[in-house]
Amino acid sequence: MSETVVHGEAIEWSEEEEEDSDDSEEEYTSPSQPLSSANFDKDRHLVYLQMMYELLPYHYQSQEINRLTLAHFIICGLHFLGATDRVDKDEVANWVLSFQAFPSNRASLKKGEFYGFYGSRSSQFPIDENGDLTHNNSHLASTYCALAILKVTGHDLATIDSESLLLSMKNLQQDDGSFMPIHTGGETDLRFVYCAAAISEMLGDWSGMDKEKAKNYILNCQSYDGGFGLIPGSESHGGGTYCAIASLRLMGFIGVDLLSNDSSSSILDPSLLLNWSLQRQASDGGFQGRTNKQSDTCYAFWIGAVLKLIGGDAFIDKVALRQFLLSCQSKYGGFSKFPGALPDLYHSYYGYTAFSLLEEPELSPLCPELGLPLLTSLGICKGGGGNHQKS
Amino acid sequence: MHGRPRKAYKPEEEAASAAKAAKLRILQTQFMSNHHNKIYTKEAVDLSTKLLEINPEAYTAWNYRKLAVEDKLSRIESDPDLVKTILDEELSVVESALRQNFKSYGAWHHRKWVLSKGNSSVANEMRLLDKFQKLDSRNFHAWNYRRFVVELTNRSEQDELKYTDNMIGSDFSNYSAWHNRSVLLSNLLARKADGFLPNAKIPDEYELVHSAIFTDEDDQSGWFYHLWLLDQTVNVETPLLTSSWPSHGSRINLSAGCLNDSFSKLTTFCSESGSFPLILYFDQAVGGVSSATVTIDSELKGNEDLVWEPVSKKNSQMSSVWVAHLKYMSSEPCFRKEYEVKVRVGNSPGIVSSRGCNFSKSYEFIFTAHVHDTVQGSQEDIVSWTDGFDIWDAESKDLYSLVNLNRSNAQMDFKWRQEAIAEEIILFRKLSDSKIGKLTLARLLMAKAVISDDVVKGVDYNEILELYKDLMVLDSSHYQYYKDEHSVALLHKVTSSTDDLSRHLFRYRNMNNSVCLRLNNLSLSRIASVAKLLFVQMLDLSHNELHSTEGLEAMQLLSCLNLSHNKIRSFSALDSLRHLKQLRVLNVSHNHIGEHSVDTTRYLCSSPLSNSEWTQDEVGRKTPNLVTKYWDAYFVLRDLNLKQLDITGNAIARDEFSSFVLQVVPKLVWLNGKKLES
């Protein structure tokens, strides 16, 4: 990975940017608007991801701190395209492993710190002369991304120190069941409950979280309209709803037959959830993240995966969704948030997952609850990379 | 930034950019070194300010600042002015970071952290929020932060409600504002705040939303709020008892065999088991129905510890329908033939809705059970469904009590609800040209029907039916939804009065003149109004467009059911029939069972994964391959006590399946119209 400082946009749920109308420079009309093509253009996406793998444009500068996240979009994106052979998997895995935080000894595990993965070099502090980590900034989201890349590159997760990772992850769970992303403090919401659940799943070990508490927090986030907000009482949101449903699935509280259960017997209201989710498909075929907002590529995954997970994906207008996504496919490869805009890694990755959800033959199948390619040999690929399945 | 076009760079710009990157890198290294060495001097802290101004996403810098603030606060003891200065500095850093990036989670969190210290001016926060929310009115960080600040202060929900007035006033398509309004209003109404009684407030809300939906009919936000309002108008949180069988004041005849014609067939229940079902039908799913919360006062022996069962999926303790089986024959000789039964629902608290609301107040109903000894041979002939039906011509007061639901326990003031809906109806009748206008009018008219406490004249079902018919044509992509709603309205119409209902009642000559409700040939796609049909024992739903039997599970007396010529595509669509312990005759001929491997018309269907216990039972052990192949049929049929089954005219009805049915239902006498060799 290039170590150039990069610059870009928010990784978390994308929101419409407020247009700055004073700035006439922004009133730019592209001489050749990226034409929407009739098909998923795999070759262009490959070129795009490889380009991003070599060097990130300056737009990503402010995302320096989320370096592992950007890497995750690229490496897992390449896996969806069946092209992880374009990178040196061992090198990538070693690079990822270099971000792991270690406790100096067993006793320090009890001090309340979390030992996961750093988001990037700029948050990584060296160990001091006593062997202590003065500023441990490892983060739940980076840890999710790190494990995802390791899995996809075929690295044996059994070789990493998952015990201290999970044991220390417990320190991040709050009394209300939610998670902080980082032990020094941070906002708590459904995103990090999801990260904790996905990490536990990938490591095959649930000792790092109290599932019952997490479940109660999640259920508190369901709004009266059926969707979930990121925190209790907030407006229903596609990202929050994904985190809620995927976490419940990962923790085993809901099954593939959620919709077939009587709504009164379920821990949440499935038919209301189905209603809310289906109503997010807008008349242009795309999915919006919240009521009465513009359709956006990434919600094709966030909401599409929710529908898949509850067994309601048969009700998606797949033809219309495909058309919308194709209108966001860039002529440079990758996907943009809205039709005609420039592509970015975040929307490209969730464009791939969305196409995989639509069972595009050129893409590897998706594991909707993890948001990753489906790896049948979940995690344990002995002997390093290169031998995991392609669909 | 997102969605913004890229331009080609001139060489000097590129040079500037490179210089900027170099500067940033130096800044970052210095900052890291300060953080590492716990240096919290002014210069060091200023460095982190610079870093955050360039990049608000650098959460390490936010956390550094928290440590620095704690460090400073620990030195100055308790000088309130100094504390304030330190914290205000943090607020201004956050403010400029938010100018860079409105959506920086780290920046918003830092602000919350500062505010929780409790030394900052909250008025300032509200001013700042007003500014930010004007610039980006749907930013959910800002809305969440607003709720946080409001909670910290004594700012009233009333004032916040006014704020949503302003936001909606300046942009009515802002759903975040509508959402916040619905949350605030729910709280105010729930605690009956001054001036927030539903009967006064809800009508005002209708006024407000009209201005939005009639300004731009194509904008969704107002319509969603209107739907929410309608829900607040119609639905009462307190669970109510909608109906029961036997109903209040009724007189039922009970017998082990068939009775002769001198008794009203409407109210005669014959069963060999010596017990009859007592059905309670609530307006929403409730839990906690037990012999403690529902008491029975009668001389019928052996009913002291009644077992109440929810009529819903296994393992669920929540259901809108509950049933208990009352014994009426004991081994002791009975001296009386007539028994009065008093049922008291909600005798002690414990009946609770899924939202945690308690059952209104205890409610009592009384019926008389007349026990007959006369036993004639039980019915063994085939039920043909094609002929032998005579028109029902009897006036019956029993019927009248059936179509009148239990509203006596509804202490709710329905008047303002009815008035509010009546006004909406007047308005939308004038403005129902668009699809959403027609749909809203249809929903309003249905709402009117639902909350009318008596059999009202003036509910115009035909108008509702016409609206849905129009919509099916105008908006074919939602055809099935309109079709279902049309069916619901039609069934409400059919059950709305004794006149309407009796038109569909027939006597079935071949079965001792039993009463049959015939709702055939109505192009029904969905079942509704079951609360009024609990008395039905013989039901003809043939020649409709049903794809599921959902709803029929409440009809615990049902013994003969005709579903031929419908659109049922799988046995799991018949899942609800498993609750019908009296069902003996089932006709599902001429449907689409077996044509498709997956029933895409329904999302509510069981899967083999949710049933695994079959591997242990006899048929499962003997023919695991057939059970695997016909699992959906197996799980339904094995729980029924059928004597007659007709499955002809379905793709599944081949020899292999027929022989499988015989194994699963050994007591079957008639299969596909042919008597089986015993």
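The structure presented is a predicted model; accordingly, all values stated were derived computationally and were not measured. Side chains included, hydrogens not; waters and symmetry mates left out as well; all remaining heavy atoms used. Each chain gets a letter, A, B and so on, in the order the sequences are listed, and its residues count up from 1.
- When the heavy atoms of residues 275-283 of chain A are compared with those of chain B, the residues falling under 4.5 Å are A/Gln279, A/Arg280, listed by number.
- A/Ser62 and B/Glu57 are not linked by any side-chain donor-acceptor pair at a separation below 3.5 angstrom, with hydrogens and angles left out of the test.
- The structure places CD of B/Gln28 at 7.0 Å from OG of A/Ser120, a figure rounded to the nearest 0.5 Å.
- Interatomic distance, B/Phe148 CZ to A/Ile231 CD1, rounded to the nearest 0.5 Å: 10.0 Å.
- One side chain, B/Ser182 or A/Tyr224, offers a donor N or O that lies under 3.5 Å from an acceptor on the other.
- Across all non-hydrogen atoms, the minimal contact from A/Ser123 to B/Thr60 is CB-OG1, 3.4 Å.
- Remark: B/His478 NE2 is loosely packed, at most 12 non-hydrogen atoms of other residues, nucleotides or ligands lying under 6.0 Å away.
- Of all heavy-atom pairs spanning A/Ser234 and B/Asn144, the tightest one is CB-OD1, 3.3 Å.
- Interatomic distance, OG1 of A/Thr184 versus CG of B/Leu67, reported as 7.5 Å (0.5 Å rounding).
- Looking only at heavy-atom pairs under 4.5 Å with chain A, the residue among B/Val183, B/Asp231, B/Asp219 that has the most is B/Asp219.
- For the pair A/Asn292 (side chain) and B/Ser173 (backbone), a donor-acceptor distance under 3.5 Å is present.
- Looking at heavy atoms from C-beta onward, A/Asp225 lies out of side-chain contact with B/Phe224 at the 4.5 angstrom threshold.
- Separation of atoms OG1 (A/Thr291) and CH2 (B/Trp178) is listed at 13.5 Å; rounding is to 0.5 Å.
- Other residues, nucleotides and ligands place more than 12 heavy atoms under 6.0 Å from the CD atom of B/Glu70.
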**Study point:** side chain to side chain donor-acceptor pair (under 3.5 Å) between B/Ser176 and A/Arg290, worked out
**Key:** CA-CA 9 Å; B/Ser176 298; A/Arg290 285 182 280 154; 3.2 Å; yes
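- Looking at B/Trp228, only its side chain comes within 4.5 Å of chain A, counting heavy atoms on both sides.
- With rounding to the nearest 0.5 angstrom, the CG atom of A/Asn66 is 7.0 Å from the OH atom of B/Tyr59.
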Practice item. With side chain to side chain contact (heavy atoms under 4.5 Å, CB included) as the test, would you mind laying out the steps for A/His237 and B/Phe140 before giving the verdict? Key: CA-CA 9 Å; A/His237 182 283; B/Phe140 69 76; 3.4 Å; yes
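- Counting heavy-atom pairs closer than 4.5 Å to chain A, the top residue among B/Lys66, B/Gln284, B/Arg147, B/Lys38 is B/Arg147.
- When each of B/His179, B/Lys112, B/Gln220 is checked for heavy-atom pairs under 4.5 Å with chain A, B/His179 comes out on top.
- Partners of B/Trp113 by ring-ring contact (aromatic ring centres under 6.0 Å, His included), not counting sequence neighbours, listed by chain and number: B/His110.
- Residue A/Asp317: no heavy atom, backbone or side chain, is found under 4.5 Å from chain B.
- In this structure, CD on A/Glu235 lies 8.5 Å from CH2 on B/Trp143, to the nearest 0.5 angstrom.
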